[in-house]
Protein chains: 2
Amino acid sequence: MPIPSHDEINAELEKAFARSPLFARPGFLIRRLHQIHTSLFLSETNEFNITPVQFSLMSALRANGEMDQNSVAQEIGLERTSVAEVIPRLESRELLERRRSTKDRRVKLVKLSRKGQALLKKMSERVQQAHDRTVEALPEEERNLFLLQMIRLVEANNHLGNAPFKLPDSGDA
Amino acid sequence: MPIPSHDEINAELEKAFARSPLFARPGFLIRRLHQIHTSLFLSETNEFNITPVQFSLMSALRANGEMDQNSVAQEIGLERTSVAEVIPRLESRELLERRRSTKDRRVKLVKLSRKGQALLKKMSERVQQAHDRTVEALPEEERNLFLLQMIRLVEANNHLGNAPFKLPDSGDA
DNA sequence: GCAAATTATGAGGTATACCACTAATATTAT
DNA sequence: ATAATATTAGTGGTATACCTCATAATTTGC
């Protein structure tokens, strides 16, 4: 099945706008997609009691090893102070370890604990499921284009807000 | 300019994944898009001191007239208790009016005040700008397809967004 | 060498977003 | 008629997400 023509797209859009005028607003659709993905993620991984952001943070630590908190924030595109809230929650569950840098005593270095590594591994299949299910309703041949479009939008606007994330190579995540 | 071929899409995707492995995760991209749109919305409309959700709620009231709070929640795809938090904030600014239904004394009916209507009108151009800028980086001929894809995903998973974990038995509805 | 600027982190505040529980009212089932 | 159930709304709790301000440590400018 090919990607639909402009005429088909526009006809479908007209019908959708009739169902709800909110469908004409990208921001509304993005908010709903965010809710939906979060819901899928939590239901897939509920036995582990980990949120999407917590998982992203731990993934970044697995890929980059020990890091200071600002670098963590840049790796996952999250505001510095939000990261400072997430880390203690994971630390109290002994999924992370923290220590003061001896070179720069302002810096707190964070790394994954063995327990954290093990948890990431156990969760990975379920997490992949959650991401897959998020875009499952699109015809397969459209999914990659959709991903690419989201990437374009994120990269084009990465500078906005206080949580730009670092684009240059970041290993695995 | 036509929509790119599958080969072109896949080549671009490979390059993007090399820039950041997080780009392979729909959930990550959606979270970033949500941050980006929120940032655009707030910077476009900062003189009015209204959030995207507050604007959606007021828009629903403009479209539907007086409603009970549950209906408002369903209109904008927001959890009932979140709506119950947003409404008092708008009410205290006299943008909404609330009264008890005489027919069913449990129900609180909400509607836009004149002040609320005027504010919506004054904001509308800026809000449109925020939504436009969110998808501006896509080639024009791809924007409608992108919108339609988001609509498909939202409609296909609409049952998940409002209350994840609520009804373990159904799976539909 | 030392004040000034910068940087890393944290604390307090506001606003979604959701869950679990409660209170009040309405509906139903017997 | 009234006890059981359902519905509407609110409260308190947790977790993003971001802002402003504060604190401590480093770097810089002179």
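Chain letters run A, B, ... following the sequence lines, proteins first, then strands; residues in each count from 1.
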Once you round it to whole Å, what is the distance between [atom2] of [N] and [atom1] of [X]?
X      : N       : atom1 : atom2 : value
L33(B) : dA17(D) : CG    : C1'   : 16 Å
I87(A) : dA11(C) : CD1   : P     : 13 Å
H37(B) : dT16(C) : NE2   : C1'   : 14 Å
R31(B) : dT16(D) : CZ    : C1'   : 9 Å
E79(B) : dA15(D) : CD    : C1'   : 14 Å
R99(A) : dT9(C)  : CZ    : P     : 13 Å

Given protein heavy atoms under 4.0 Å, the one-letter contact record of nucleotides 8-14 of chain D, with B base, S sugar-phosphate only and - none, is simply SBBB---
Quick check for you: to the nearest 0.5 Å, what is the distance between H34(B) atom NE2 and L29(A) atom CG?
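These two atoms lie 11.5 Å from each other.
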With rounding to the nearest 0.5 Å, note down the distance linking CG in L61(B) to CG in L112(B).
5.0 Å
Under a 4.0 Å threshold between the charged nitrogen and the carboxylate oxygen, would K15(A) count as salt-bridged to E12(A)?
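Answer for the salt bridge query: yes.
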Note: R133(B)-E44(B) ion pair, threshold 4.0 Å (strictly below)
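E44(B) and R133(B): salt-bridged.
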Residues touching DNA chain C, which here means a heavy atom under 4.0 Å, drawn from residues 49-58 of chain B
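Nucleic-acid contacts, sorted: T51(B), V53(B), Q54(B).
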Option from R99(A), K111(A), K108(A) for which salt bridge (Lys or Arg N to Asp or Glu O under 4.0 Å) with E66(A) holds:
R99(A)
With the 4.5 Å side-chain cut-off for hydrophobic clustering, are V72(A) and L109(A) part of the same group?
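As far as the 4.5 Å side-chain criterion goes, L109(A) and V72(A) are not connected within one cluster.
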For dA17(D), does OP1 or OP2 lie under 4.0 Å from any side-chain N or O of H34(A)?
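Checking dA17(D) against H34(A), a side-chain N or O does come within under 4.0 Å of OP1 or OP2.
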Hey, does the side chain of S59(A) reach the backbone of F55(A) with a donor-acceptor pair shorter than 3.5 angstrom?
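Between the backbone of F55(A) and the side chain of S59(A) there is a qualifying donor-acceptor contact (under 3.5 Å).
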Which heavy-atom pair separates L42(B) from P52(B) by the least distance, and what is that distance?
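Result for this residue pair: CD2-CD, 4.2 Å.
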